[in-house]
Number of protein chains: 2
Amino acid sequence: MPNQKPTAAAIPDAPELAAPAKRLRGGPKGLRITDVAALAGVAPITVSRVFNSPETVAPDTLERVRQVVQKLGYVPNRLASGLSSSRSRLIAAIVPTIAHSLFSETIQVFSETMSRAGYQVLLALSGYSDSSEEALLDAVLSRRPEGVLLTGIAHTDSLRERLRNVGMPVVETWDMTATPIDMLVGFSHHEIGAAVAEHFLQRKVRAPGLISANDDRALARRDGFRERLAQAGVGEIAEVLVLPPSSIAVGKAALPTLLEQAPNLDAVFCGSDLLAIGVLGAAKRLGLSVPSQLSICGFGDLEYATETTPQLTTVRVDGARIGLTAARCLLDRLSGVEKSKVNNVGFHVVERETT
Amino acid sequence: MPNQKPTAAAIPDAPELAAPAKRLRGGPKGLRITDVAALAGVAPITVSRVFNSPETVAPDTLERVRQVVQKLGYVPNRLASGLSSSRSRLIAAIVPTIAHSLFSETIQVFSETMSRAGYQVLLALSGYSDSSEEALLDAVLSRRPEGVLLTGIAHTDSLRERLRNVGMPVVETWDMTATPIDMLVGFSHHEIGAAVAEHFLQRKVRAPGLISANDDRALARRDGFRERLAQAGVGEIAEVLVLPPSSIAVGKAALPTLLEQAPNLDAVFCGSDLLAIGVLGAAKRLGLSVPSQLSICGFGDLEYATETTPQLTTVRVDGARIGLTAARCLLDRLSGVEKSKVNNVGFHVVERETT
DNA sequence: CTGAAAGCGCTTACAG
DNA sequence: CTGAAAGCGCTTACAG
């Protein structure tokens with residue numbers, strides 16, 4: 001056997017003419033449009049039309065191709081179609097966080113609306129730190145989305161600049177600015193602060209304080225709060241800034257600190273309903289009755305709070321409406337319609353307490 | 001002027017030799033890898049390596065290319081790289097809803113973890129209806145994700161079959177089954193029902209009822225609840241099934257209905273904490289004291305409930321841990337590591353009431 | 001109404 | 001350590 005010479009016939013599959021060695025790239029990974037086309041007896045472009053412009057295809061051709069698609073279980077590759085057509089059908093949603101969050105309702109409605117229009121949502125969680133925002137934006141832009149939803153107005157100038165330059169539709173939400181990157185659906189945190197101050201002033205509050213995170217939006221509320229109070233001659237505002245994520249526990253811990261600064265404290269504006277509930281708990285423990293001795297106002301109008309803590313005032317923002325409006329702005333723009341760029345959806349101070 | 005004959009020179013840009021009319025496709029849409037390559041004096045493949053395997057590039061080449069990338073603001077096109085490499089770097093998360101939801105924490109942690117590993121999350125909201133799940137799966141698969149997170153086990157056989165066939169890593173979460181599609185991180189809703197029944201039995205409850213949605217997981221809890229009670233000789237269980245989304249208002253409305261069925265009702269197992277809070281409110285209005293006359297158990301352990309409604313019992317599930325574990329399962333699989341396929345993360349019945 | 005050719009912007013698979 | 005060629009699976013831009 002070792003002496004057996006190989007014959008020509010023993011060399012398997014020896015190509016007659018050394019073909020240019022077609023380099024296969026890992027073999028077939030799944031069904032392609034050409035598989036459908038071959039089986040349906042049409043050109044690939046016709047299969048493409050069945051998906052993208054069925055009205056341009058003859059009814060019987062349409063039917064035949066669809067049957068093959070169904071039979072084979074073919075699903076088009078949107079990486080390929082996106083690359084080829086420059087239409088990714090992707091929308092990016094950049095959100096600080098969706099857990100226990102005011103924003104989750106906005107994203108929910110936004111996503112439902114975009115998906116009904118044939119888009120899919122890429123979720124990008126930015127956290128509350130600006131540190132990695134450049135990297136996040138790179139990651140987002142690398143998918144070539146057709147539009148971007150931002151929760152809050154973009155913070156850094158570099159980010160705003162880049163988003164402006166890419167030229168894609170951008171909606172900023174949950175905030176207000178005179179110089180949006182593109183479109184905006186939101187409300188003024190500064191005005192909210194002023195409205196809460198107004199509310200406290202009507203209650204004859206004398207020593208209001210504030211407990212809040214120190215992100216841009218929270219600080220805008222603070223500034224509005226302070227300015228309105230200053231107009232009314234209330235100048236000294238005790239203040240405790242807390243780190244996110246806000247929670248009931250954080251609120252509980254903050255009240256004693258605030259009381260050290262202002263022993264006569266008779267009102268607190270909290271950055272969120274969770275903080276407000278914590279403050280309420282701490283107040284009870286300290287024997288302070290709410291709202292008669294201490295008025296507490298939260299922010300966010302979470303459903304739980306409405307039912308279980310009627311002593312609290314809060315500020316309601318319609319997150320679902322923001323999501324819907326933002327989606328519509330983007331969709332209008334994507335279909336070439338020009339709409340009003342800035343949408344102020346407003347807010348409501350909700351008093352539930354019955355003094 | 002009307003008589004002026006056009007001269008050859010007046011015909012602008014007439015090509016000498018009619019070249020094969022190179023068809024431009026809309027012109028340049030942005031920077032490409034070739035732009036970076038040209039400016040850095042390297043081949044495109046080298047720029048590709050700078051992004052994908054920098055350790056294989058000479059240090060000074062690396063530096064030079066990176067400078068050009070920085071200067072130009074080049075962001076690679078992941079539609080193209082995904083198509084070419086069959087690695088989309090995309091993970092799909094299929095969730096019924098993220099608003100006011102138990103799942104939002106899971107998705108939050110899952111997304112953070114995947115993003116740290118270089119993946120991005122495509123959010124797919126399935127709603128609570130199975131109707132459009134096939135279309136949703138088509139949309140998801142069209143992006144060629146490298147893995148899929150499912151919230152709950154997939155419902156229809158056809159869906160399970162398709163997911164099994166595509167051969168990509170799949171993690172089912174928030175539930176338990178003997179026949180997962182692939183991997184699973186969850187707990188048994190049936191056992192939760194039994195545990196709540198056990199809890200009620202220890203309280204000498206005699207006429208327990210149930211208020212819940214009628215999705216698969218809720219029904220599994222109900223069955224576990226009933227079976228354990230039946231073992232203890234409690235056979236008649238009043239029941240009200242409500243439509244999602246669950247809310248406080250729905251809970252409020254359901255209690256009177258339940259009381260019609262069972263006038264002696266002394267315990268209610270609710271499908272969510274929101275329902276439980278609604279039932280608590282309704283009970284107060286009816287003059288029933290909780291928990292002495294009526295024990296109420298929720299599900300989900302929302303933070304608000306913990307602080308504001310200590311009369312309620314609830315069932316706690318660690319959504320963050322589910323998200324983290326699910327992400328790790330997927331990442332292990334994607335890097336070729338085989339891990340345990342089924343992870344039972346368990347749950348806790350949280351009694352807060354102090355009778 | 002349908003199709004052949006070229007191109008979208010990358011990476012694979014070699015080769016040096 | 002670097003590069004030329006070919007290919008990923010679609011769609012555009014024509015042409016008929």
Side-chain angles (χ1 to χ4, degrees), chain A residues 18-38 40-65 69 72 74-90 141-144, chain B residues 18-38 40-65 69 72 74-90 141-144:
Chain A
K22 195 177 182 183
R23 300 175 192 179
L24 289 175
R25 297 183 47 147
K29 284 112 189 172
L31 291 167
R32 292 150 304 171
I33 205 170
T34 48
D35 299 319
V36 176
V42 295
I45 182 62
T46 298
V47 179
S48 172
R49 287 190 182 110
V50 167
F51 283 100
N52 301 312
S53 50
E55 71 283 0
T56 70
V57 178
D60 52 337
T61 308
L62 196 62
E63 179 60 23
R64 189 153 33 96
V65 171
V69 165
L72 257 35
Y74 168 72
V75 177
N77 184 330
R78 279 204 179 283
L79 297 173
S81 63
L83 173 61
S84 182
S85 68
S86 298
R87 299 218 49 191
S88 66
R89 291 277 176 191
L90 226 39
L141 294 181
S142 76
R143 301 289 173 181
R144 302 297 189 264
Chain B
K22 194 178 183 182
R23 298 175 192 179
L24 289 176
R25 296 184 48 145
K29 284 114 189 172
L31 292 166
R32 291 149 305 172
I33 206 170
T34 48
D35 298 319
V36 176
V42 295
I45 183 62
T46 299
V47 179
S48 172
R49 288 191 180 108
V50 167
F51 283 100
N52 301 312
S53 50
E55 70 283 0
T56 69
V57 178
D60 51 336
T61 308
L62 195 62
E63 179 60 23
R64 189 153 32 96
V65 171
V69 166
L72 257 36
Y74 168 72
V75 177
N77 183 329
R78 278 203 180 283
L79 297 174
S81 63
L83 173 61
S84 182
S85 68
S86 298
R87 299 218 49 192
S88 65
R89 292 276 175 193
L90 225 40
L141 293 181
S142 75
R143 302 289 174 183
R144 302 295 188 265

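Please read all numbers here as calculations on a predicted model, not as lab measurements. Values below: all heavy atoms of this structure, side chains included; hydrogens, waters and symmetry mates excluded. So that the names make sense, note that chain A is the first sequence line, chain B the second, and so on, each numbered from 1.
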(request) Give DNA chain C the dot-bracket treatment, 5' to 3': Watson-Crick (N1-N3 with N6-O4 or O6-N4) or G-U (N1-O2, O6-N3) under 3.5 Å, [ ] crossing, | other strand. (result) |||.||||||||.|||

(request) To the nearest 0.5 angstrom, please state how far the CG atom of A/Leu79 sits from the OG atom of A/Ser88. (result) 10.5 Å

Out of [options], which has the shortest distance to the side chain of [X]?
{"X": "B/Arg49", "options": "C/dC1, C/dC14, C/dT11", "result": "C/dC14"}
{"X": "B/Arg144", "options": "C/dG9, C/dT11, D/dC10", "result": "D/dC10"}
{"X": "A/Arg32", "options": "D/dG9, C/dC10, C/dT12", "result": "D/dG9"}

Please classify the nucleic acid contact of [X] as base, sugar-phosphate, or nothing, using heavy-atom distances under 4.0 Å.
{"X": "B/Thr61", "value": "sugar-phosphate"}
{"X": "A/Tyr74", "value": "sugar-phosphate"}
{"X": "A/Ala80", "value": "base"}

In whole Å, what is the span from the [atom1] atom of [X] to the [atom2] atom of [N]?
{"X": "A/Ile45", "N": "D/dA15", "atom1": "CD1", "atom2": "C1'", "result": "13 Å"}
{"X": "A/Asp60", "N": "C/dC1", "atom1": "CG", "atom2": "C1'", "result": "10 Å"}
{"X": "B/Glu55", "N": "D/dT2", "atom1": "CD", "atom2": "P", "result": "13 Å"}
{"X": "B/Phe51", "N": "C/dG9", "atom1": "CZ", "atom2": "C1'", "result": "13 Å"}
{"X": "B/Ile33", "N": "D/dA4", "atom1": "CD1", "atom2": "P", "result": "14 Å"}
{"X": "B/Leu83", "N": "D/dC8", "atom1": "CG", "atom2": "C1'", "result": "4 Å"}
{"X": "B/Leu141", "N": "D/dC10", "atom1": "CG", "atom2": "P", "result": "13 Å"}
{"X": "A/Glu63", "N": "C/dC1", "atom1": "CD", "atom2": "P", "result": "16 Å"}

(request) Would you check if the side chain of A/Ser85 reaches a backbone N or O of A/Ser81 as a donor-acceptor pair within less than 3.5 Å? (result) yes

(message) Do A/Val69 and A/Phe51 make a side-chain contact, defined as non-hydrogen atoms from C-beta onward lying under 4.5 Å apart?
(response) yes

(message) Side chains of A/Asn77 and B/Leu83, heavy atoms from C-beta outward: is any pair under 4.5 Å?
(response) yes

Does [X] make a side-chain N or O approach to OP1 or OP2 of [N] shorter than 4.0 Å?
{"X": "B/Thr46", "N": "D/dG3", "result": "yes"}
{"X": "B/Asn52", "N": "C/dT11", "result": "yes"}
{"X": "A/Ser84", "N": "D/dT12", "result": "no"}

(message) With a 3.5 Å cut-off and heavy atoms only, can you find an N or O donor on one side and an acceptor on the other between the side chain of A/Ser81 and the base of D/dG9?
(response) no

(message) With a 3.5 Å cut-off and heavy atoms only, can you find an N or O donor on one side and an acceptor on the other between the side chain of A/Thr34 and the base of D/dG9?
(response) no

(request) Return the 5'-most residue of the pair A/Arg87, A/Leu79 with respect to DNA chain D, ranking by each residue's nearest nucleotide. (result) A/Leu79

(request) With sequence neighbours excluded, tell me which residues meet side chain to side chain donor-acceptor pair (under 3.5 Å) with A/Ser48. (result) A/Asn52

(request) Search all heavy atoms of B/Val50 against all heavy atoms of B/Pro54 and return the closest pair with its distance. (result) O-CB, 3.6 Å

(request) Measure across B/Ala43 and B/Ala37 and return the closest heavy-atom pair with its distance rounded to 0.1 Å. (result) C-CB, 3.8 Å

(message) I need the full list of salt bridge (Lys or Arg N to Asp or Glu O under 4.0 Å) pairs touching residues 74-87 of chain A, with sequence neighbours left out, sorted by first then second residue.
(response) A/Arg87-A/Glu146

